[in-house]
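Remarks on the structure that follows.
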Amino acid sequence: MSDAEMLFRIASLNAAYAAAIDDDRLEEWPDFFIDDCLYKITSAENLRDGNEAGIVYADSRAMLADRVLALRRANIYERQAYRHIIGASRLTASDGTDISAETPFLVVRTMRDGQLDLFVAGRYRDRLRDGAGKLRFVERVVICDSSHFDTLVAIPL
Amino acid sequence: MDQATIARVHGQWPKGLTQVPFPVYQDPALLEQEQRLLFEGPVWNYLCIESEIPNVGDWRTTFVGRMPVVVVRTETGDIAAFENRCLHRGALICLDNAGNARDFTCVYHAWRYDLSGNLKSIAFRKGVNGKGGMPDSFHPEDHTTRKLRIATISGIVFGTFSDQTPTIEDFIGPDVAAALRLTASRKLQVIGRFTEVLPNNWKLYAENVRDTYHASLLHVFFATFRINRLSQGGGVNVSANGACHVSTTLAPTQEADDSYDGMRSVDDGLKLSDPSMLDAEDEHGDRVRQQILSVFPSFAMQRTYNVMAIRQFVPRGVDRTDLNWIYLGYADDTPALRRRRLKQLNLAGPAGFVSMEDGCIGNFVERGAVAAPQGVSLLEMGGDGTESQETRATETAIRGFWKMWRAIMGQ
């Protein structure tokens with residue numbers, strides 16, 4: 001597969017990923033990952049300092065499903081929605097099994113009272129695997145440009 | 001603060017500690033008074049962890065209230081801390097979060113300070129080509145930054161500007177000291193740093209960390225997974241001055257518990273697909289499932305399962321507070337234990353299953369009480385005192401906070 005074809009597939013994957021979150025179809029979100037995945041939200045500064053912890057850290061798809069369940073059933077937060085604006089990906093590596101890519105993104109958050117904020121700017125550092133014609137995340141590390149988060153982070157990035 | 005405001009706030013304080021008038025969270029003028037009397041007063045402000053500045057010249061910047069402060073390891077191996085403000089024109093001396101330096105030079109006009117915050121030299125003191133320069137009466141050694149007195153307990157560094165502040169041990173009391181010493185019993189290592197920007201007054205968060213009543217009610221995840229129910233063993237200890245507390249929740253001794261039946265706080269249909277997140281080691285052999293301790297005014301430290309975190313709250317305005325989360329492990333963690341901490345940290349921080357609600361709840365109070373300057377917040381749970389109690393169905397530690405706040409603020 002050419003790089004151009006791969007970049008097109010990654011762009012399609014990211015578009016579908018963003019739509020699932022932004023359209024509040026969170027139950028579909030874990031399906032973008034393999035079973036034995038890693039999803040982590042951290043910041044550029046923590047990455048630079050070698051800090052391992054994230055504000056979200058899931059090392060299985062089941063943990064992602066648990067987060068969605070908790071958001072739906074347990075956690076309290078004011079009604080809000082994200083709008084992901086996802087930039088152009090660039091391929092960073094390929095080892096025959098997995099493809100690595102980095103993609104910049106912005107998330108605008110709209111609260112129930114109409115307040116709009118640029119909530120997060122950052123990049124996705126991804127490792128992807130093709131399985132049965134479907135591209136999935138082996139690893140998605142969400143590297144936020146800032147370590148500051150307004151109020152709370154409920155919905156995944 | 002103008003006299004009318006003082007009178008209004010004063011006038012509304014009822015007798016006792018069970019009612020708090022809403023203007024104390026809302027009045028912008030109080031912020032300045034709190035800075036001067038409280039944060040720069042007879043309290044111990046959290047500064048950093050000793051292991052963050054191990055070598056001579058290592059420094060970090062932090063805040064005492066709204067005042068920028070530098071904490072540094074000096075040539076003698078001691079820790080010094082001073083206001084991060086150049087004595088010349090008031091610019092910040094240190095511009096980053098951390099670093100290592102032989103001395104500090106202000107970027108504006110190159111005034112130079114040693115590691116203890118003493119002014120050592122200034123650029124062009126004698127002028128240039130015999131012209132200009134400072135008057136002969138100016139001596140750098142006459143000028144020094146505002147310095148904090150330092151106290152370290154179990155590798156955690158606190159500072160105070162007041163000569164009146166009791167020793168850290170006397171200030172926090174024996175129960176909080178014992179809990180702090182146990183939690184920090186091995187060398188701490190920072191494994192993550194995040195800041196949650198809270199849209200509320202700092203005191204609403206200071207109350208929240210002392211509020212043992214709310215945890216299992218607001219945070220459904222707590223009660224559902226029996227991390228923290230009021231029916232589990234434990235209690236809350238408050239220091240004699242009211243300022244500091246430690247609340248403890250023990251692991252449940254039996255599985256049957258009907259005390260939460262019918263409450264929103266329990267969702268029996270909630271089952272984790274991957275329960276490994278809650279696999280915990282009893283690291284200290286004390287069956288403690290959750291422990292929160294606070295040191296007045298701006299410090300809290302928690303253990304939840306194997307999660308360890310420090311929270312520092314920094315006022316940014318009357319209705320804005322930076323909540324700094326410092327995620328911790330021990331330097332000698334096994335890889336398996338470290339992995340548990342990383343997974344269990346899903347419970348804490350801005351996206352935490354049992355903490356995200358605390359990010360918005362203070363703002364709910366701000367908005368709810370916006371038109372209630374005559375109104376009061378009620379704190380009658382568990383009586384009207386500030387004594388230690390063998391239950392967490394109490395607001396004793398919040399009353400303790402107000403006991404100290406009012407004593408310092410003269411209200």
Side-chain angles (χ1 to χ4, degrees), chain A residues 27 30 33 35-80 111-113 115 117 119-120 142 144 146-157, chain B residues 97-98 189-200 218-225 264-267 269-277 307 309 322-325 327-329 338-339 341-346 348-364 367:
Chain A
E27 284 71 13
F33 295 81
D35 287 344
D36 192 19
C37 64
L38 176 72
Y39 174 82
K40 171 165 140 177
I41 301 178
T42 183
S43 71
E45 197 167 21
N46 278 288
L47 208 65
R48 186 200 65 199
D49 292 347
N51 293 332
E52 303 166 88
I55 60 166
V56 174
Y57 186 100
D59 63 1
S60 72
R61 180 160 64 182
M63 280 186 79
L64 299 177
D66 287 339
R67 186 160 274 274
V68 174
L69 192 68
L71 292 178
R72 295 293 195 213
R73 302 270 288 271
N75 290 117
I76 307 295
Y77 53 99
E78 249 178 324
R79 187 157 53 79
Q80 55 188 272
M111 301 300 292
R112 75 172 172 100
D113 66 357
Q115 173 79 33
D117 291 296
F119 185 48
V120 177
V142 185
C144 303
S146 170
S147 300
H148 285 54
F149 297 92
D150 181 68
T151 310
L152 56 81
V153 181
I155 302 167
L157 294 167
Chain B
N97 298 337
Q189 182 187 353
V190 175
I191 60 171
R193 277 179 211 282
F194 297 94
T195 296
E196 201 172 343
V197 180
L198 304 176
N200 56 258
L218 175 64
H219 310 300
V220 172
F221 204 90
F222 260 141
T224 297
F225 294 104
R264 181 192 65 83
S265 315
V266 173
D267 184 342
L270 205 58
K271 295 277 179 287
L272 292 179
S273 309
D274 185 348
S276 67
M277 185 182 75
V307 168
D322 278 359
L323 172 59
N324 294 327
W325 287 91
Y327 297 162
L328 299 167
R338 181 59 62 84
R339 193 176 172 85
R341 295 198 207 284
L342 297 178
K343 291 176 72 160
Q344 291 170 24
L345 272 165
N346 282 292
F353 287 130
V354 296
S355 65
M356 73 169 77
E357 291 86 1
D358 294 328
C360 59
I361 199 69
N363 184 250
F364 294 174
R367 284 148 64 193

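In the text below, chain A, chain B and the rest are named by the order of the sequence lines, each starting its count at 1. Below, all heavy atoms of this structure are taken into account, side chains as well, without hydrogens, waters or symmetry copies.
- With a threshold of 4.5 angstrom between heavy atoms, A/Ser146 does not approach chain B through any atom at all.
- Contacts between B/Phe194 and chain A at a heavy-atom distance below 4.5 Å involve backbone atoms as well as side-chain atoms.
- For CG of A/Asp36, the number of neighbouring non-hydrogen atoms (other residues, nucleotides, ligands) closer than 6.0 Å is 12 at most.
- For chain B, the nearby part of A/Asn46 is the side chain; its heavy atoms alone come within less than 4.5 Å.
- Scanning both residues, B/Met356 and A/Leu152, for their nearest heavy atoms gives O-CD2, 3.2 Å.
- For a residue to count as touching a neighbouring chain, one of its non-hydrogen atoms must lie under 4.5 Å from one of that chain's; by this rule B/Phe364 touches chain A with the side chain only.
- Of all the heavy atoms in B/Leu345 and A/Ala53, the pair that sits closest is CD1-CB, 3.7 Å.
- Residues B/Asp274 and A/Ser60 come closest through the heavy atom pair OD2-OG, 2.6 Å.
- B/Asn97 touches chain A through its side chain: at least one heavy atom from C-beta onward sits under 4.5 Å away, while N, CA, C and O do not.
- Annotation: maximal heavy-atom pairing with chain A below 4.5 Å, among B/Asn346, B/Val190, B/Asn200, B/Asn363, occurs at B/Asn346.
- Rounding to the nearest 0.5 angstrom, the gap separating the CD1 atom in B/Ile191 from the CD atom in A/Glu52 is 6.5 Å.
- Heavy-atom distances place no part of B/Asn324 under 4.5 Å from chain A, backbone and side chain included.
- The existence of a salt bridge linking A/Glu27 and A/Arg72 is confirmed by a sub-4.0 Å separation between a basic side-chain nitrogen and an acidic carboxylate oxygen.
- When each of B/Gly192, B/Ser355, B/Cys360, B/Gly362 is checked for heavy-atom pairs under 4.5 Å with chain A, B/Gly192 comes out on top.
- Contact count against chain A (heavy-atom pairs under 4.5 Å) is highest for B/Arg338 among B/Arg341, B/Arg338, B/His219.
- Note on B/Lys271 versus A/Asp66: no salt bridge recorded, every NZ/NE/NH1/NH2 to OD/OE distance being 4.0 Å or above.
- When the candidates A/Glu45, A/Lys40, A/Arg61, A/Met63 are compared by the number of heavy-atom contacts under 4.5 Å with chain B, A/Met63 comes out ahead.
- Heavy-atom pairs under 4.5 Å with chain B were tallied for A/Ala65, A/Ala154, A/Ala62; the largest tally goes to A/Ala62.
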